[in-house]
Amino acid sequence: MPANWFLADDDLVNLAAYVRSIGKIASEPIVGDAVRGARLFVKGGCANCHILAGTGMGLGPDLTKICVQRGPSQIKKSISRPSENLPEDFLLVEATTAAGKTIEGIRVNEDAFTIQIKDATGTFHSLGKRDLKDLKKLRGQTPMPSFEGVFTDSELDDLVAYMASRGKS
Amino acid sequence: MKLVVVFLLCGSGFAQVSFDRIANPDREPGNWLTYSRNLLGHRFSPLSEVTTGNVGRLKVKWAYQFPDPSNEVSPIVVDNIVYVTGPNSATAIDALTGRVLWNWKRPLPPDFRGIGFGHVSRGPAVLDDKLYVATLDCYLVALDLKSGSERWSTRVADYKTGYSMTLAPLAIRAKVVVGVSGGEAGIRGFVDAYDAASGKQAWRFWTIPGPGEPGHDSWQGDSWKTGGGPTWVTGSYDPELNLVYWGVGNPSPDWNGDPRRGDNLYTCSLLALDADTGQLRWHFQFTPHDTHDWDSNHVPMLFDAKVQDRPRKLIAVANRNAFYYVLDRVTGEFLAGRPYAKQTWATGLDAKGKPIVIPGMETTESGTLLYPNANGATVWFSPSYDPQTGLVYVAAREIGATYFKRDMEYKVGTFYAGGGENELPADDAWGAVRALDATTGAIRWEFKLHSPPWAGVLSTAGGLVFSGTDEGNFFALDAKTGGALWDFQTGGAIQANPIAFTINGQQRIAISADRVLYVFGL
């Protein structure tokens, strides 16, 4: 965490007051059925990309603590319309090598000379930019499909309840 | 092997570093005797063992780990010994092996608070038999080159009122020149010179004119007393003209200009000071009445060239406000200037070099979006002037911000900035190393960087330009084309200036990355 040198004493007091006020916002209740949610978690193929309580594939974000970090409404939005709720610094890229091979995946790191990409199988690719024919930054896109119209609002509640029941605080 | 090292250190080391040696660095290209290698601010090395043809074979020869992170040091190298500084510390290192020869540390007072900057030191200075260090708690300390023992220390200012020193001192003829930080604490800035032998103050130039002094009427009421004008980056020196050139930083409070109506001289300016007396010979203000924290704390580059077929003594600055300026260094006359990075606050410069400001660019309560951001199109890290190509190389930052102002009451020794900025998202920001025609500022080439840089630039007679990135890349470019020739991942953000030197006749390139000093060679 960088030093917030630019904050005056008054600003620090105000910031502390704001952070304390966040904890006073009423938490949303978890209203779904965790047993039904477990079946939907399998039906949606969620574990093909996400780890929950130690089980699943580690391609997308770990969901073990997701219900601690985010409220039910925000999680439901991310499932229904993932491309509209991308995490900060998340970027899908498509790199084409000089030999014509195309690699699509999540940008793990990038600098002036290299880029590291994690593809849909979880394989890391470390590429030199001088060896690339093209590098597309697919802003606003994600490998996660939209579940809008796939799950009802009630089913989304069930999914959240399941993740909360399996997750850790 | 140990016997050889002992011979080297005793046989050729610890020679007196006379001013004559510092003023004539090309006689001993293997040393790096002042902040920018020469007093003219070039950060150019005449070493040519490492070339465009073999730079791809550069490898780490040794590394030194600093006790503190986020190092911004530019080392000094004298006769096979590398001298570095950290916050309130200095170390002598064997240039062959990287082993420490001596350490010096001054305890930092527990109530010291860096207001507006990190706990850093950008390097030492050397003159005769002493190493000079500027400390965070505002002491100028002279150390014995052989042992690191303290010869004298002089209090430059009271840190409790917001002053500090992060810069490398500049050793000139029999004097050591320093400046101060504190532009976010409402200090009244100054440039000081001290007798190199005794530590006694030789002169002081206040960067905010007091009552009765020229420029005082550019301040409203008593605002001059807390007007800022810090001097926290090492200047340059012309031995023939006997002039010290020094940049002055932002007015205080930074982002709220309401309490300080006027041009606020000599903030955001370049000063030419008589080295014997500290008297002002001329000044040039880049950003009158600044409300964006655009310090003009840069290393000025001095060179001679023809302008409109007339030989001129020139001084050039790539400014934080995104314009590149060329002035006559005898008179301060503006000769040329143009943007070298994205800026949205001025339509250009007038015939005198004054910015033609677009209406509505002043910071507001609700926020004003413009380029560049408060850290500017470049900052404290050094540019480089290459006499072989006639190009200036500068690490440029492409980032905008929404600036806002707030009411703020001045309290001694506390943050006094009157607002702040919200930077645009990281994905909208990038950087570049750019080559500019030294006399016009026209961009000749650029090498793009992933994010806005914090590293300085070194050019060498081998036809190379070295710099670094926030992602940890240290790299070499072709000085003529900007093509990338070599890069090395250091593992830490590079926020320092590169140097070059020799050990046993072999060229070395050194750069600090976070808390490690890397030394490369073929």
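As the structure is a computational prediction, the values presented were derived from the model and not from experiment. The chains referred to below are lettered A, B, ... by the order of the sequence lines, with proteins before strands, and numbering in each begins at 1.
A donor-acceptor pair is defined here as one N or O able to donate and one able to accept, closer than 3.5 Å; such a pair exists between the side chain of B/Arg320 and the backbone of B/Asp293. Of the possible donor and acceptor atoms, one in the side chain of B/Thr363 sits under 3.5 Å from a partner among the backbone N and O of B/Thr291. Side-chain atoms of B/Thr414 do not come within 3.5 Å of backbone N or O of B/Tyr410 as any donor-acceptor pair.
Cation-pi contact between B/Arg397 and B/Trp454: present, with separation from the ring centre below 6.0 Å and deviation from the ring axis of at most 45°. Relative to the ring axis of B/Trp445, B/Arg434 does not place its NZ or CZ within 45° and under 6.0 Å from the centre.
For residues 102-120 of chain A, a heavy-atom distance under 4.5 Å to chain B picks out A/Arg107, A/Glu110, A/Asp111, A/Ala112, A/Phe113, given by residue number. For residues 472-479 of chain B, the interface with chain A (any heavy-atom pair closer than 4.5 Å) comprises B/Asn473, B/Phe475, sorted by residue number.
In this structure, A/Ile30 and A/Ala161 approach most closely via the heavy-atom pair CG2-CA, 3.6 Å. In terms of heavy atoms, B/Pro230 sits closest to B/Gly182 at CB-N, 4.1 Å.
Interatomic distance, CD of A/Glu28 versus CD of A/Gln74, reported as 9.0 Å (0.5 Å rounding).
You'll find the ring centres of A/Phe151 and A/Phe147 inside the 6.0 Å limit.
The most heavy-atom pairs under 4.5 Å with chain A, out of B/His450, B/Lys411, B/Arg406, come from B/His450.
Residue A/Lys129 places its NZ atom among more than 12 non-hydrogen atoms of other residues, nucleotides or ligands, all under 6.0 Å distant.
At a 4.5 Å heavy-atom cutoff, the contact between B/Phe447 and chain A is made by side-chain atoms alone.
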